[in-house]
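Since the structure comes first, as structure tokens, the remarks are kept for the end.
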Amino acid sequence: MALGYACICIGDYNRLKSLRLAGASEQKLEMIYRHNLGVLRSNISYNIKHGIKLFRVSSDIFPLITHSEIAFEWKNRFREPFDEIKALVSDSGMRLSMHPGQYTVLNSGNQEVVDKAVVEIDHHSEFLSCITPDAYAPVVLHVNSARGDKKTAVSRFKKGFERLSDASKKRLCLENDEKGFSARDIYDLACEIDVPCIFDNLHNAMNPSYELSDKEIIEVFSKTYVGKRQKIHYSQQAEDKRPGAHSVTISHREFLRYYGDVSGEDLDIMLEVKDKDLSCIKCINCLDAKNSSRYREWARYKYLVMEKDIEAYHRIGKLFNTGSFDFDKFYTIVDAVIKKGSDRGLETNAVMHVWGYFKKTASDEEKRRYAKYIEKINDISIETIKTFLLSLAVKYDIGYLKESIYFFGEIYKK
DNA sequence: TGACGTCAAGATCCG
DNA sequence: CGGATCTTGACGTCA
């Protein structure tokens, strides 16, 4: 069993860069692609550190690479970073995947769209082969178009599939869609073209087909995995958003129930959730609480809790002091805290705590800048100050702060 | 034609 | 000028 998350690593301050077609010079592409490979390597190191063995690589790693107006040789140019990444992936036994988005439509009625989809999917599998030794690292795809009737949509898909490279055919997996192709639809199609099926619980809830429980559908889908580990997608409905929208964080208790229901220990489970790796680590800890990870986890959340709810901060401290700590209690408190609104007094207090790390070492210019922020504390956004503080944490290499989720709390707003 | 989804880049506005 | 806020891009489908 492996638990994973998709594309963006919240807890790693390194972020992918992008660009516009208008500014896509050779040098600019080279710079951005190289940067993004550095981010990928950093994300993978982070995953290893936190025991995460399943990771979806973002399609945005090489923006515009398959665009018709872009001709960029990438395979030879990035051999070194590829090999470094591959070694990390190989040594850790991490399973990678990729997932072209909603605009890759292999069975479109428009031939140009199909041409592009073939290029896109082949690129994904080529890219994967550069960074993972796993011949079955999947490229996951939705059928996407049910235009006309499903029968003709299926035959269009089979035609498109035939045009893929052999490598792509081996990597391709189908996922049940939120509308259009349901679990039953993709299972029938997948059996015909001999590819595995990925079950997505929330899509299935939106677009049900079988009169079967999730566990039973997963059992049906397991037949499409021969000599490969079965993978599913798991997400929870966001309380206050459109039906089908992913929750901001995973409720660990709900996850544990589901995990028990579907015999999760036999599956690779990709979590689809806004807070990404944070929920992934939460679920890993709740399944298998290692004594050593509790302190690290509290260290990461510490200032985020401090700026939202000082009583909760003390309650968690007490869990440690009284020896009554467990991850269920810890995350229950944290999950309540992240839902709270902001309080400028508490935010300022947390800012001052974090500034304490730099008080002595900061340059005069940095001290002036900090003083200016504090002076105008009520007129500027707290994110501006956090951006500044994070840049200091990176510059002065304060590991404790660089790993703090404090800097990424904005994902829990709105 | 515009909504859908995504999120950083880029543009523009404000003090 | 820095910082906040709005718009654009890149894509295909479908009402």
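The basis for the numbers below is simple: all heavy atoms, side chains too, and nothing from hydrogens, waters or symmetry mates. The chains referred to below are lettered A, B, ... by the order of the sequence lines, with proteins before strands, and numbering in each begins at 1.
Using a 4.0 Å cut-off between charged nitrogen and carboxylate oxygen, A/Asp261 and A/Lys215 do not count as a salt-bridge pair. For A/Arg56 and A/Glu272, the salt-bridge test passes: some basic side-chain N is under 4.0 Å from an acidic carboxylate O.
Remark: A/Arg300 fails to qualify as a cation-pi partner of A/Tyr295 under the 6.0 Å distance and 45° angle criteria applied to the six-membered ring. The cationic group of A/Arg163 does not satisfy the cation-pi geometry with A/Phe157, failing either the under 6.0 Å distance to the six-membered ring centre or the 45° limit from the ring axis. For the pair A/Lys386 and A/Tyr406, the cation-pi test (distance below 6.0 Å, angle within 45°) is passed.
Within the 4.0 angstrom heavy-atom criterion, only backbone atoms of the sugar-phosphate kind lie near A/Tyr373; the bases stay farther away. A/Ser381 comes within contact range of the sugar-phosphate backbone alone, with a heavy-atom separation under 4.0 Å but no base atom that close.
Atom P of nucleotide B/dT6 and atom CZ of A/Arg56 are separated by 12 Å, given to the nearest angstrom. The CZ atom of A/Phe408 sits 16 Å away from the C1' atom of B/dC7 (whole-angstrom rounding). The nearest whole Å value for the distance from the CD atom in A/Gln102 to the P atom in B/dT6 is 8 Å. A/His246 has its NE2 atom 12 Å from the P atom of B/dC7, to the nearest Å. We find that NZ of A/Lys28 is positioned 16 Å from P of B/dA8, with the value rounded to whole Å.
Interface limits on DNA chain C: the 5'-most and 3'-most nucleotides within less than 4.0 Å of chain A heavy atoms are C/dG3 to C/dC14.
Scanning both residues, A/Ile250 and A/Asp335, for their nearest heavy atoms gives O-OD2, 4.1 Å.
When each of A/Lys372 and A/His67 is assigned the nucleotide of DNA chain C with its nearest heavy atom, A/Lys372 is the one assigned upstream, toward the 5' end.
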